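Below is one structure, written out as C-alpha cells, with a few remarks after it.
This structure is a prediction, so every number in the text was calculated from the model and none was measured. Here is the naming used below: chain letters follow the sequence lines, and residue numbers restart at 1 for every chain.
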Protein chains: 2
Amino acid sequence: MTRDEILIAAAQIFSQKGFHATSMQDIAQAVNLQKASLYHHISSKQEILVEVLDRALGLLICNMEEVMEGDSPPDEMLRQAIRAYVVTILENRDLSAVLLLEHRSLEAELHTRHVPHRDQFEQLWRDLLKRGIEAGVFETAEPAMTVRALLGAMNWAITWYRPDGPLSPGKIADEFAGLFLTGLRRRDGS
Amino acid sequence: MTRDEILIAAAQIFSQKGFHATSMQDIAQAVNLQKASLYHHISSKQEILVEVLDRALGLLICNMEEVMEGDSPPDEMLRQAIRAYVVTILENRDLSAVLLLEHRSLEAELHTRHVPHRDQFEQLWRDLLKRGIEAGVFETAEPAMTVRALLGAMNWAITWYRPDGPLSPGKIADEFAGLFLTGLRRRDGS
DNA sequence: GCCTCCCTACCGACCATTCGGTAGTTTAAG
DNA sequence: CTTAAACTACCGAATGGTCGGTAGGGAGGC
C-alpha cells in the first residue's frame, strides 16, 4: 500500500460524499487497511485534503501553462485553453471535484495559503483575455467577470458530466469554445 | 422563535460551512436555543435540509415561470430569464448556495425524490432554447449542453459574488446575457 | 375570582454511536 | 537485528437525537 493509492482512494470518496461526510474508516476500507494503519502513511485527514488539492491544482496549472506558452492568436489559444481545461477536469474527475467543491473544508490557515494559488490560476485566464482584447479579437466590458462566466460553465461540468454519456470531454470543450466565441444568436439570417 | 427563523439561520450556516460540517449545536446557538429545543420545531437535521432545498427551488421556479409565460421573442425572453435567475440567486444567496452545493447531502430516498424537480427546472430552459432555435433566432449544435453551460456560468456566481463588490446582480446578469447571446469575438472588425 | 387543565415552548441531562487520532504490539522482508 | 507496515485495542470529544420535566399563558367550569 502506497501513499499514492491512499490519496487517490480518498479523492474518490471525497468527490462522492464530500470531505466532512467521509470518515477515515471509509478511506481505510477502500484501501483494505485498518483505520489506524492509515496514519503510518499520512498524518491527518486535513493533510490528505491538502495534498489532493495541491495535486489537482498542480495538474491543471501544468496543462494550462503548456497551452498559454504557445504563440497562437488569442482566439485560437482560447480554444486550446478551454480544451485543455475541460479535458483535464473531466479526465481527472475525482481530483477536480475535490478541488472545485471541497476546498472550503480546508482549515483556516491552510485555506488562506491555498487561495492565492487559485487566484494565480484565474490570472492566467484574465491575461489571455486581455491579450485578445488588445489584439482587437475579443470584446467584453468586464473581462474579469467574463473569465468567471467561462470558468463557471466549465467547472459546473464536473457536476453533470458522465463518462458513459453521449458527449466526450473533447466534444464538450469544442462546443463550449464555439458558444463563448460566437454566441448563441444566429448570424447572417437568411 | 419560529420554524422560519430556524430554517433561515440553518440555511445561512449550511451555506457557509456545508451541511455535514454544521452541527445542530451550531444552529441552536444561532437562534439562541438549546439543541433539544430545536426538536420541538423540526424533527431532524435532514428535515431542515429538505425544507431549505424545497424553498430555494420553489422560489426559483416561481420567479422563472413568471418570465417564461410572457410572449417576448426568444432572445429577449432569454435576457429576462437570465436576469430573473441571476438576481434571484444572488439576492437569496444562503438558500441558493444550499440548493446548488448541498443537495447531495440529502439521504438517498429524499435525494431521488428531489432530483426530478431539478430536471423539471432545467427543462424550462431547454424549452426556451428550443423555441429560439425553431424561430431561427438561436443556433447551437447541442442545446442540452448549451443550457448546462449557461446554468453553470450563472450557478458558479454563487461562489464568487460579494454584495459589497463592484458588480450588482443586475449588471452581472446583463453581462452574462450579452456574452452568451453575442459571444466574445469582436464583430465588424474595422 | 379562582382553580384546574392543557398546550406551546423550552431546558438540562443523558444516550448510543461515531469521530479523528494514539499507543503498543505483531508480522514479515531485507 | 532492524525496520517498515500492518494490526488490535483504545481514547476523549463531539455528534444527532431523546427523555422527563418545567415555566407560563390561555380556556373553561364553578
Side-chain angles (χ1 to χ4, degrees), chain A residues 1-55 94 98 101-111 113-114, chain B residues 1-55 94 98 101-111 113-114:
Chain A
M1 184 55 44
T2 70
R3 188 186 169 93
D4 250 49
E5 296 179 69
I6 293 174
L7 292 173
I8 288 169
Q12 204 249 317
I13 311 179
F14 286 170
S15 76
Q16 268 184 15
K17 317 208 293 182
F19 177 77
H20 284 292
T22 302
S23 69
M24 294 301 278
Q25 180 68 29
D26 293 334
I27 299 172
Q29 198 172 322
V31 293
N32 274 98
L33 282 186
Q34 294 302 311
K35 183 180 53 149
S37 310
L38 288 180
Y39 287 87
H40 181 72
H41 303 274
I42 53 97
S43 72
S44 75
K45 197 184 176 190
Q46 277 285 318
E47 196 197 49
I48 298 181
L49 181 56
V50 171
E51 188 141 341
V52 169
L53 289 174
D54 283 350
R55 282 185 189 213
D94 296 341
V98 177
L101 302 173
E102 302 298 330
H103 70 106
R104 66 177 171 169
S105 296
L106 269 181
E107 281 167 6
E109 195 206 347
L110 294 169
H111 191 263
R113 208 180 305 164
H114 177 71
Chain B
M1 183 54 44
T2 70
R3 187 186 170 92
D4 250 49
E5 297 178 68
I6 293 174
L7 292 173
I8 288 170
Q12 204 249 316
I13 310 179
F14 286 169
S15 77
Q16 269 185 14
K17 315 209 294 181
F19 177 78
H20 284 291
T22 302
S23 69
M24 294 302 277
Q25 183 69 252
D26 292 335
I27 300 172
Q29 198 172 321
V31 293
N32 274 98
L33 283 185
Q34 293 302 310
K35 186 180 51 148
S37 310
L38 286 180
Y39 287 87
H40 181 72
H41 302 274
I42 52 95
S43 72
S44 74
K45 196 184 175 189
Q46 279 285 316
E47 197 197 48
I48 298 182
L49 181 56
V50 171
E51 190 143 339
V52 169
L53 289 174
D54 283 349
R55 282 185 189 211
D94 296 343
V98 176
L101 303 173
E102 301 299 329
H103 71 106
R104 67 178 171 169
S105 296
L106 269 180
E107 281 167 4
E109 195 206 347
L110 294 168
H111 190 263
R113 207 181 304 163
H114 175 73

Do any side-chain nitrogens or oxygens of A:Ser23 fall under 4.0 Å of OP1 or OP2 in C:dC19? yes
Just by distance, do the side chain of A:Glu102 and the backbone of A:Phe19 share a donor-acceptor pair under 3.5 Å? yes
Just how far, in rounded Å, is P of C:dT22 from CD of A:Gln25? 17 Å
Which nucleotide sits closest to the side chain of A:Gln34: D:dT8, D:dA6, C:dC11? D:dT8
Flag the pair B:Arg55 and B:Asp4 as a salt bridge only when some basic side-chain nitrogen lies within less than 4.0 angstrom of an acidic carboxylate oxygen. yes
Please pick, from D:dA6, C:dG20, C:dA13, the nucleotide with the shortest atom-to-atom distance to any side-chain atom of B:Ala36. C:dA13
Atom CE of A:Met24 and atom C1' of D:dC11 are separated, to the nearest Å, by 16 Å
Nearest to the B:Tyr39 side chain among D:dG17, C:dC10, C:dG20, which nucleotide is it? D:dG17
Check: B:Gln16 side chain, B:Asp94 main-chain N or O, donor-acceptor pair, under 3.5 Å: no
Side chain of A:Leu33 only, please: which of D:dC7, C:dG20, C:dC10 is the nearest? D:dC7
Would you confirm whether A:Glu5, through its side chain, and A:Thr2, through its main-chain N or O, come within 3.5 Å as a donor-acceptor pair? yes
Between B:His40 (NE2) and D:dG24 (C1'), how many Å, whole number? 13 Å
Determine: side-chain N/O of A:Ser37 to OP1/OP2 of D:dA5, distance under 4.0 Å, yes or no. no
May I ask you to test the A:Ile27-A:Phe14 pair for a side-chain heavy-atom distance under 4.5 Å? yes
Which whole-number value in Å describes the distance from A:Asp4 CG to D:dA5 C1'? 17 Å
Please check the phosphate of D:dA6 (OP1 and OP2 only) for any side-chain N or O of A:His41 closer than 4.0 Å. yes
Spacing of A:Asp26 atom CG relative to C:dT18 atom P, expressed in whole Å: 12 Å
Rounded to whole Å, please give me the gap between CD1 in A:Ile13 and P in C:dC19. 12 Å
Is B:Lys35 side chain donor-acceptor paired with the D:dG16 base, going by distance under 3.5 Å alone? yes
Whole Å only: how far is the CG atom of B:Leu38 from the P atom of D:dT18? 13 Å
Provide, to the nearest angstrom, the distance between the CD atom belonging to A:Glu47 and the P atom belonging to C:dG20. 15 Å
